[in-house]
There are 2 protein chains.
Amino acid sequence: MRRDIFQAVADPTRRAIMVLIAFQAMTPNAIAENFNTTRQAVSKHLRILTECELVKQEQKGREIYYSLEVEKMKEIDMWIEQFRASWETRFNQLDTILSKIKKTRNE
Amino acid sequence: MRRDIFQAVADPTRRAIMVLIAFQAMTPNAIAENFNTTRQAVSKHLRILTECELVKQEQKGREIYYSLEVEKMKEIDMWIEQFRASWETRFNQLDTILSKIKKTRNE
DNA sequence: TATACACGCAACCAATCGGTTTCACAAATT
DNA sequence: AATTTGTGAAACCGATTGGTTGCGTGTATA
């Protein structure tokens, strides 16, 4: 029972669900209509997403509305953050190299 | 044989390897010394990372140096990007609510 | 009250995963 | 030339995964 955000996001169906409920809460049945799987399969995905707090539930009568907990996504963003500086630096280095080449050509 | 960036990043050992070789290229043996697994296990992780182009190899004699392909990380960043606007908006909404509460208290 | 609906949960299943062990091969060292 | 070293690849194994089917429960509707 691994409840890790990265593991949760690894599945393409779960990513699609996340996008789907990002801007409007939806019931499991409504979500399932968008995929070629059963409601139970979607329900399982929702359970995983709920357990790692990427999704929140809201009961309304006999229906349960699921919506994305966008804040939680920051945790992924934070992990990538440590590399962002690196790839921006690389760009700068490339710029430096390119301008040096240009300079050499013009000499 | 699923070669998906998100699936590659899902494994904690692979994430650790990525951090390890982000700033300096390393051989499989050297990488393996940092974990409680065999070189072969690390080698398997490196294969997966290589296949989805998160890592590049450089042969030097009988040694192979692996290093992170930081540029590829942007693909994950791009997926998160679609939610970033949303969570920033939420913050703004929260700010608005908080300042309203503050205002009410002061009245 | 009986029926239909929305849902979660448990049992089961084939496929995949992360790991180990064993092997083969090429490059360095003796 | 023989040995050691660094490596990838294949065979195998138990655990996990994503999926299905069948069930029980609570809420709406007839």
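Sequence lines set the chain letters: A, B, ... in the order given, protein chains first and strands last, and positions in each chain run from 1. These values consider heavy atoms only, across backbone and side chains, with no hydrogens, waters or symmetry-generated copies.
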A.B. asks: Any base atoms under 4.0 Å from B/Gln40, or only sugar-phosphate, or nothing? Heavy atoms, all strands.
C.D. replies: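 Answer is base: heavy atoms of B/Gln40 come under 4.0 Å of a base.
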A.B. asks: Please state whether the phosphate of C/dA6, meaning OP1 or OP2, lies under 4.0 angstrom from any side-chain nitrogen or oxygen of A/Thr27.
C.D. replies: no
A.B. asks: Quick one: A/Phe35 CZ to D/dG19 C1', roughly how many Å, whole number?
C.D. replies: 15 Å
A.B. asks: Taking NZ, NE, NH1 and NH2 as the nitrogens, is one of them in B/Glu69 or B/Lys72 under 4.0 Å from a carboxylate oxygen of the other?
C.D. replies: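 Between B/Lys72 and B/Glu69 there is no salt bridge, as every charged N stays at least 4.0 Å from the carboxylate O atoms.
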A.B. asks: With a 4.0 Å limit, can you tell me whether B/Asn29 has a side-chain N or O closer than that to the phosphate oxygens OP1/OP2 of D/dT5?
C.D. replies: no
A.B. asks: Do the side chains of B/Ile76 and A/Phe6 get nearer than 4.5 Å, heavy atoms only?
C.D. replies: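 Contact flag for A/Phe6/B/Ile76 side chains = no.
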A.B. asks: Are A/Glu53 and A/Ile5 close enough that some pair of their side-chain heavy atoms sits under 4.5 Å apart?
C.D. replies: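 No. Closest side-chain heavy atoms not under 4.5 Å.
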A.B. asks: Considering residues at least two apart in sequence or located in another chain, which fulfil the side chain to side chain donor-acceptor pair (under 3.5 Å) criterion with B/Glu63?
C.D. replies: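 For B/Glu63, the residues satisfying side chain to side chain donor-acceptor pair (under 3.5 Å) (neighbours in sequence not counted) are B/Tyr65.
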A.B. asks: Taking only residues two or more places apart in sequence, or in another chain, which ones meet B/Lys44 in a side chain to side chain donor-acceptor pair (under 3.5 Å)?
C.D. replies: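 Not a single residue meets the side chain to side chain donor-acceptor pair (under 3.5 Å) criterion with B/Lys44.
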A.B. asks: For the base of C/dG18, is there a side-chain donor-acceptor partner from B/Arg14 under 3.5 Å away?
C.D. replies: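 Looking at the base of C/dG18, it does not pair with any donor or acceptor on the side chain of B/Arg14 (distance under 3.5 Å).
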A.B. asks: Taking atom P of C/dT16 as reference, at what distance in whole Å does atom CD of B/Gln7 sit?
C.D. replies: 11 Å
A.B. asks: Looking at the side chain of B/Arg39, which of C/dG19, D/dT21, D/dT7 is the nearest nucleotide?
C.D. replies: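 Nearest nucleotide to the side chain: D/dT7.
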A.B. asks: If you assign each of A/Asn36 and A/Gly61 to its closest nucleotide in DNA chain D, which residue comes earlier from the 5' end?
C.D. replies: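 The residue whose closest nucleotide sits nearer the 5' end is A/Asn36.
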A.B. asks: On the side chain of B/Lys44, is there an atom forming a donor-acceptor pair with the base of D/dG8 - under 3.5 Å, no angle test?
C.D. replies: no
A.B. asks: So, OP1 or OP2 of D/dT17: does either fall under 4.0 Å of a side-chain N or O from A/His45?
C.D. replies: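 So the side chain of A/His45 is outside the cut-off, no N or O lying under 4.0 Å from OP1 or OP2 of D/dT17.
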A.B. asks: CG of B/Asp4 versus P of C/dT16: gap in Å, rounded?
C.D. replies: 15 Å
A.B. asks: Starting at CD1 of A/Ile64 and ending at P of D/dA28, how long is that distance when rounded to a whole Å?
C.D. replies: 12 Å
A.B. asks: Looking at D/dG8, I'd like to know if its phosphate oxygens (OP1 or OP2) sit under 4.0 Å from a side-chain N or O belonging to B/Ser43.
C.D. replies: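 Checking D/dG8 against B/Ser43, a side-chain N or O does come within under 4.0 Å of OP1 or OP2.
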A.B. asks: Below 4.0 angstrom from OP1 or OP2 of D/dG19, is there any side-chain N or O of A/Thr37?
C.D. replies: no
A.B. asks: Nearest whole Å is fine: how far is D/dG8 C1' from B/Tyr66 OH?
C.D. replies: 8 Å
A.B. asks: What is the distance, to the nearest angstrom, from the OH atom on B/Tyr65 to the C1' atom on C/dA27?
C.D. replies: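 One finds 14 Å between C1' of C/dA27 and OH of B/Tyr65, rounded.
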A.B. asks: Starting from C1' on D/dT16, measure out to CD1 on A/Ile48 and report it in whole angstrom.
C.D. replies: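 To the nearest whole Å, that distance equals 11 Å.
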A.B. asks: Per the atom types in the model, does the base of C/dC5 pair as donor or acceptor with the side chain of A/Arg62 at under 3.5 Å?
C.D. replies: yes
A.B. asks: Taking atom C1' of D/dG6 as reference, at what distance in whole Å does atom CD1 of B/Ile31 sit?
C.D. replies: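 So the two atoms are 13 Å apart, to the nearest Å.
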